[in-house]
K.L.:
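The following block contains the structure, expressed as structure tokens.
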Amino acid sequence: MRALPLTISLIALLALQAVATSALANEQQNKSLEEAATKPSNGLQTPRQKRSAAIIARAEVPEADPNIALNILGHDILRGSFQRLYWTAGQAVAGLAMPTPVLVAAGVNPGPTLCLTAAVHGDELNGVETIRRVMFSLESDKLNGTVIGVPIVNMHGFLRTSRYLPDRRDLNRYFPGDAQGSSAGRIAHSFFNEVISHCDRLIDIHTGSFHRTNLTQLRSDLGKESVQQFSKMFHDVTVLDGAGAKGTLRRAAVDAGIPAVTLEAGEPLRMQLKEVKQSVNGIKAVMHYMKMIDDKPVRAPKQKVFYKSLWLRAEQSGVFLSESKLGENVKKGDILGTVTDPITNRSSVIRSSVDGQIIGMALNQMVMPGFAAYHVGIAADEKRVTAEKVADSVVAEALEPVAENMKEAAREAATSAAERSDDPKTVSDAAREAVKEAAKDAGRLLEEKPAKPKAGDHLAPDAASLPEDAQHREIDEHPE
């Protein structure tokens with residue numbers, strides 16, 4: 001009899017979940033871009049149900065229906081329609097799944113699929129308003145292709161005004177995800193496969209982090225030709241070159257063959273209309289160059305490109321007060337700000353060590369020694385940097401077969417020596433001798449014609465091949 005209250009509670013919880021699921025299903029909407037016309041959806045489907053439905057659909061309709069723009073999240077998106085769908089990774093809070101709205105606008109004419117994502121970090125608000133403005137400005141009869149907008153990817157963090165997931169993990173370090181991994185890995189895997197896989201190009205919108213603000217800018221892997229051309233479409237938005245940290249959404253998308261960039265604009269926990277407008281204009285320029293809309297960009301395409309940057313740091317603790325502004329051009333030796341100890345009144349200055357432009361900076365606040373105060377894009381000769389990237393690519397490509405040959409020879413020698421002796425030095429010496437012998441064959445391997453690189457391959461070594469400390473520096477200096 002003591003178990004009766006628990007049973008009643010479980011029944012009540014199941015009933016509540018059923019009501020919530022039913023309400024969620026009834027919220028699915030399908031409306032035209034000119035006139036909203038709501039109709040009930042068929043509710044959410046499990047992955048198995050979706051696969052079964054897709055198989056049945058293919059069997060019943062051998063050829064693609066020209067009236068359907070795409071199928072996403074178990075729904076056929078008709079041309080000339082606007083739908084509000086819901087994605088959920090199945091992560092539960094109090095026993096209920098947390099749905100994330102996915103807006104889909106399909107033009108009456110066929111064309112590419114552009115994806116817009118924001119709030120992968122839950123405290124970044126500018127992208128939410130940017131996507132709203134873009135999505136609800138589209139007109140079906142003037143749109144070619146489809147735009148998928150996800151204003152709030154990290155709903156868990158957004159509701160808590162937190163950058164992170166509830167377990168303090170950074171979702172933007174887990175893409176493309178792992179279906180059998182951690183909670184963050186499973187969320188990333190679900191989102192990447194159910195939404196991002198439909199994209200032809202991706203714009204992931206972010207802001208500065210940890211009380212810092214960013215000049216409206218792109219983070220792009222300019223070593224990939226497809227990404228480089230995509231970046232040029234943003235017209236006058238500043239570009240900072242970099243492959244991006246492993247696990248970021250844009251890097252995972254690029255690795256999957258989807259040209260992607262990160263659009264950084266402003267600071268977290270604020271809605272900044274100037275940055276929002278700049279972001280909207282950049283996205284509209286992209287859509288124009290992708291032939292999705294006819295609207296021409298108003299401003300001239302004077303785009304700054306930085307291949308290198310650095311953080312200028314505080315040398316003491318105290319109150320940081322900036323004397324420079326975001327976007328300001330600086331010279332080596334310029335004083336950018338001060339740090340003053342509020343107790344002793346001892347003060348020090350932060351000077352620029354390079355010529356460049358402030359593309360990111362900290363807000364006035366209390367700081368500790370080593371605090372990153374100013375992010376400066378360094379002016380460089382574009383032709384020289386491009387040539388260096390090509391040279392690095394040639395070296396990496398040429399040495400790959402040599403390294404593989406040496407590795408194979410060393411392993412065979414070490415394995416053979418280990419079978420004869422338990423002495424680690426003997427095994428090591430055998431491997432070294434094998435490497436020396438293999439090196440004699442390096443000339444022949446270098447003369448062999450390398451495999452032709454695929455379109456869009458890196459022109460520079462991938463960030464994953466950098467030493468571990470260099471990878472940490474890139475993450476520290478280019479947070480996304």
Side-chain angles (χ1 to χ4, degrees), residues 121 123-124 126 163 172 205-220 222 236-245 248 261-270 272 274-275 278-279 303-342 345-382 385 469-480:
H121 294 130
D123 61 350
E124 298 178 347
N126 286 334
R163 177 181 175 88
N172 208 33
I205 309 173
H206 287 258
T207 72
S209 60
F210 308 120
H211 306 292
R212 294 184 177 90
T213 184
N214 282 327
L215 182 73
T216 301
Q217 63 189 261
L218 297 178
R219 304 288 174 82
S220 306
L222 299 180
D236 59 349
V237 178
T238 298
V239 181
L240 177 61
D241 179 33
T248 55
V261 297
T262 296
L263 176 58
E264 294 273 352
E267 62 186 87
L269 295 173
R270 286 190 62 195
Q272 299 166 289
K274 177 184 175 183
E275 283 73 10
Q278 290 173 337
S279 300
Q303 190 176 61
K304 287 187 177 181
V305 179
F306 295 110
Y307 289 90
K308 296 180 181 180
S309 67
L310 61 80
W311 279 100
L312 302 176
R313 302 178 183 275
E315 295 299 327
Q316 70 170 72
S317 59
V319 179
F320 165 69
L321 296 175
S322 179
E323 297 181 8
S324 302
K325 297 180 180 180
L326 196 64
E328 185 176 324
N329 293 319
V330 297
K331 295 289 186 179
K332 183 177 180 180
D334 287 353
I335 295 176
L336 307 185
T338 60
V339 180
T340 305
D341 188 318
N345 203 36
R346 176 178 174 270
S347 181
S348 64
V349 298
I350 300 177
R351 294 180 182 272
S352 178
S353 59
V354 295
D355 295 342
Q357 182 183 31
I358 299 175
I359 59 175
M361 59 182 288
L363 305 176
N364 292 340
Q365 59 190 284
M366 293 292 297
V367 303
M368 297 292 289
F371 181 82
Y374 297 95
H375 192 192
V376 180
I378 304 173
D381 185 335
E382 184 172 346
V385 173
D469 61 337
Q471 294 184 50
H472 285 310
R473 286 198 301 273
E474 179 171 356
I475 293 173
D476 181 41
E477 296 181 1
H478 305 282
E480 294 179 17

K.L.:
Does the side chain of Leu310 reach to within under 4.5 Å of the side chain of Leu312, using non-hydrogen atoms?
P.N.:
yes

K.L.:
For residues Gly377 and Ser309, report the shortest heavy-atom separation together with the two atoms involved.
P.N.:
CA-CB, 4.1 Å

K.L.:
Would you say that Asp236 contacts Gln303 through its side chain, given a criterion of any heavy-atom pair below 4.5 Å between the two side chains?
P.N.:
no

K.L.:
Can you sort out the partners of Asp334 under side-chain contact (heavy atoms from CB on, under 4.5 Å), two or more places apart, ordered by chain and number?
P.N.:
Val330, Lys331, Leu336

K.L.:
Kindly indicate whether the side chain of Arg270, heavy atoms from C-beta on, has any atom under 4.5 Å from the side chain of Thr213.
P.N.:
no

K.L.:
What is the distance from atom CZ of Arg219 to atom CG of Leu240, rounded to the nearest 0.5 Å?
P.N.:
5.5 Å

K.L.:
Is the distance from the ring center of Phe210 to that of Phe371 below 6.0 Å?
P.N.:
no

K.L.:
Quickly, which of Gln272, Glu267, His206 forms a side-chain hydrogen bond (donor to acceptor under 3.5 Å, both in side chains) with Asn126? Name it, please.
P.N.:
Gln272

K.L.:
Give a yes or no answer on whether the side chain of Asp241 reaches the backbone of Lys308 with a donor-acceptor pair at less than 3.5 Å.
P.N.:
no

K.L.:
Report the distance from atom CZ of Arg212 to atom OG1 of Thr207, rounding to the nearest 0.5 Å.
P.N.:
12.0 Å

K.L.:
Donor-acceptor check, side chain of Asn214 to backbone of Glu264, threshold 3.5 angstrom: yes or no?
P.N.:
no

K.L.:
Strictly distance-based, threshold 3.5 Å: is any side-chain N or O of Arg351 a donor or acceptor partner for the main-chain N or O of Gly333?
P.N.:
yes

K.L.:
Minimum heavy-atom separation for Thr340 and Ser347, please, with both atom names.
P.N.:
OG1-OG, 3.2 Å

K.L.:
Do you know which two heavy atoms are closest between Ile358 and Lys325, and how far apart they sit?
P.N.:
CD1-O, 3.7 Å

K.L.:
Just by modelled atom types, is the Ser324 backbone N or O under 3.5 Å from a matching donor or acceptor in the Ser322 side chain?
P.N.:
yes

K.L.:
Please confirm whether the backbone N or O of Gly318 pairs with a side-chain atom of Asp341, one donor and one acceptor, at under 3.5 Å?
P.N.:
no

K.L.:
Spell out, as yes or no, whether a donor-acceptor pair under 3.5 Å connects the side chain of Gln217 to the backbone of Ile359.
P.N.:
yes

K.L.:
Any chance you could measure Arg163, atom CZ, to Ser209, atom OG, to the nearest 0.5 Å?
P.N.:
4.0 Å

K.L.:
Taking C-beta and beyond as the side chain, do Met366 and Val319 meet within less than 4.5 Å on heavy atoms?
P.N.:
yes

K.L.:
To the nearest 0.5 Å, tell me how far Phe320 CZ sits from Leu363 CG.
P.N.:
8.5 Å

K.L.:
Among residues at least two apart in sequence or on other chains, which ones pass side-chain contact (heavy atoms from CB on, under 4.5 Å) with Met368?
P.N.:
Ser317

K.L.:
Minimum heavy-atom separation for Gln365 to His211, with atom names?
P.N.:
NE2-O, 3.1 Å

K.L.:
Got a sec, which residues hit ring pair (Phe, Tyr, Trp, His ring centres under 6.0 Å) with Phe306, two or more places apart in sequence or on another chain?
P.N.:
none

K.L.:
Measure the CG-OG1 distance between Asn172 and Thr248 for me, rounded to the nearest 0.5 Å.
P.N.:
5.5 Å

K.L.:
At their closest point, which heavy atom of Thr238 faces which heavy atom of Gln357, and how far apart are they?
P.N.:
OG1-OE1, 4.5 Å

K.L.:
Take Val376 and Asp355 through the side-chain contact (heavy atoms from CB on, under 4.5 Å) test and state the conclusion after the steps.
P.N.:
CA-CA 8 Å; Val376 180; Asp355 295 342; over 6 Å; no

K.L.:
Hey, could you give me the OG/CG distance between Ser352 and Asn329, rounded to the nearest 0.5 Å?
P.N.:
10.5 Å

K.L.:
Donor-acceptor check, side chain of Gln278 to backbone of Ala265, threshold 3.5 angstrom: yes or no?
P.N.:
no

K.L.:
Assess, by modelled atom type and distance only, whether the side chains of Glu315 and Ser348 contain a donor and an acceptor separated by less than 3.5 Å.
P.N.:
no

K.L.:
Quick one: does Glu323's side chain get under 4.5 Å of Thr338's, heavy atoms only?
P.N.:
yes

